[in-house]
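Some notes on the structure that comes next.
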Amino acid sequence: MAAPRWDLGPAREPWGWIRALQGFFSVFAFATLGGFRGSVGFRLSCAGSPNASVSAAFAYPFRMNLATFAPSLTALCNRTWRSDVHLVGDFSAPAQFFVAVAALSFLYSLAALLLYMGYLHLYRGAGGKLPLGDFLATVAFSFLWLVASSAWAKALTDVKASVAAPLPHCHPPAVTCDRDTPTPMGALNVSVVFGFLNLILWLGSSWFVFKETNFHSPPAPSTPGTM
């Protein structure tokens, strides 16, 4: 394997520092989503029995249908609820897809930046194959960010709807259910913003990578040797 020739020059050019931005914002995209934890709770006022508070905790990957209110509602309010109550919905697929795209984007952008700075002589001297592969990968990641960000934005709307749903079988004055303030979801909103920001970065970088391919800059014709 050829020895690297380290040069910070590509990192100062648009196609290089955009890779650094892609890696930076990819980390924030999966960190704001993958590290989220929240809960929703209710204060129960029950005629003829002690008042109580219940809550259901949820977190990434947002399998809301597995979040059960605790303590068990079956033992409260004169057994108004005959079974445990769960939140509604399973949004793990779009959440995990978003995190996977963010993680892969970080790894690719880091590897590409190291390639530019250490092996630019091989990158540009491989007959156009490496720039073409880089361009196709950049376009593919742009498409993945579009799909992942759109899917997660829709799923986040459904997560909020699940958290905002009322507790069933609350019929005042026999059973009154007052909602506690749920966990703020600002971090999840930010994750959607980072997703579409990554989409813009990858779309923008596709042009700069395209300029490195033979489609934009055909290789100079070889000079025939003298007889």
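This is a predicted model, so every value here is computed, not measured.
Looking only at distances, no side-chain donor or acceptor of T80 sits under 3.5 Å from a matching main-chain atom of L76. Panel note: side chain R19, backbone S109; no donor-acceptor pair is recorded below 3.5 Å.
Here the closest heavy-atom approach between residue G16 and residue Y116 is recorded as CA-CD1, 4.3 Å. Here the closest heavy-atom approach between residue P94 and residue A151 is recorded as CB-O, 3.9 Å. Here the closest non-hydrogen pair linking S39 and T183 is N-OG1, 3.0 Å. Nearest approach of W81 to V85, heavy atoms of both residues: CD1-CG2, 3.7 Å. In terms of heavy-atom proximity, V139 sits nearest to S206 at CG2-CB, 4.4 Å.
Residues D90 and F62 fail the side-chain proximity criterion, which asks for heavy atoms closer than 4.5 Å. Counting heavy atoms from C-beta on, the side chains of V40 and R179 come closer than 4.5 Å. Taking the side chain as every heavy atom from C-beta outward, L73 and L44 approach each other to under 4.5 Å. With a 4.5 Å cut-off on side-chain heavy atoms, F143 and W202 do not count as touching. At a threshold of 4.5 Å between non-hydrogen side-chain atoms, the residues P61 and R63 count as touching. Residues L66 and F58 are not in side-chain contact: their nearest non-hydrogen atoms beyond the backbone lie 4.5 Å or more apart. Counting heavy atoms from C-beta outward, P71 and V54 have side chains that approach closer than 4.5 Å. Under the 4.5 Å side-chain criterion, counting only non-hydrogen atoms from C-beta, N65 is not in contact with V88.
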Hey, can you pull the donor-acceptor pairs under 3.5 Å for the side chains in residues 163-177, sequence neighbours left out?
none

Could you go through residues 184-192 and list every donor-acceptor pair under 3.5 Å that involves a side-chain atom there, pairing it with any protein atom two or more places apart or in another chain?
{"from": "N189", "atom 1": "OD1", "to": "K160", "atom 2": "NZ", "distance (Å)": "2.7"}
{"from": "S191", "atom 1": "OG", "to": "W152", "atom 2": "NE1", "distance (Å)": "2.9"}
{"from": "S191", "atom 1": "OG", "to": "L188", "atom 2": "O", "distance (Å)": "2.5"}

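One distance of note links CD1 of I200 with CD1 of I18; it measures 11.5 Å at 0.5 Å rounding. Between the OG atom in S53 and the CZ atom in R43 there is a gap of 7.0 Å [rounded to 0.5 Å]. Atom CZ of F28 is separated from atom CG of L197 by 11.5 Å, given to the nearest 0.5 angstrom. The line from OG1 of T74 to CZ of F69 is 14.0 Å long, rounded to the nearest 0.5 Å. Note that CG of L199 is 14.0 Å distant from CZ of F25, once rounded to the nearest 0.5 Å. How far OG1 of T138 is from CG of L203: 10.0 Å, rounded to the nearest 0.5 Å.
Between F141 and Y108, the ring planes are tilted. Angles from 30° to 60° get that label.
For residues 139-150, every residue pair satisfying the side-chain hydrogen bond (donor to acceptor under 3.5 Å, both in side chains) rule, not counting sequence neighbours, is listed here: S105-W145. Among pairs with a residue in residues 23-37, those fulfilling side-chain hydrogen bond (donor to acceptor under 3.5 Å, both in side chains) read S26-N198, at least two apart in sequence or across chains.
Qualifying ring-ring contact (aromatic ring centres under 6.0 Å, His included) partners for Y60, counting only residues two or more places apart in sequence or in other chains: none. Every residue two or more places apart in sequence or in another chain was checked for a ring-ring contact (aromatic ring centres under 6.0 Å, His included) with F97, and none qualifies.
When hydrophobic clusters are built by joining Ile, Leu, Val, Met, Phe, Trp and Tyr residues whose side-chain heavy atoms come closer than 4.5 Å, directly or via intermediates, V193 is not grouped with F24.
For the residue pair D84 and T68, no side-chain donor N or O sits within less than 3.5 Å of a side-chain acceptor on the partner.
By the 4.0 Å N-to-carboxylate-O rule, K129 lies too far from D134 to be salt-bridged with it.
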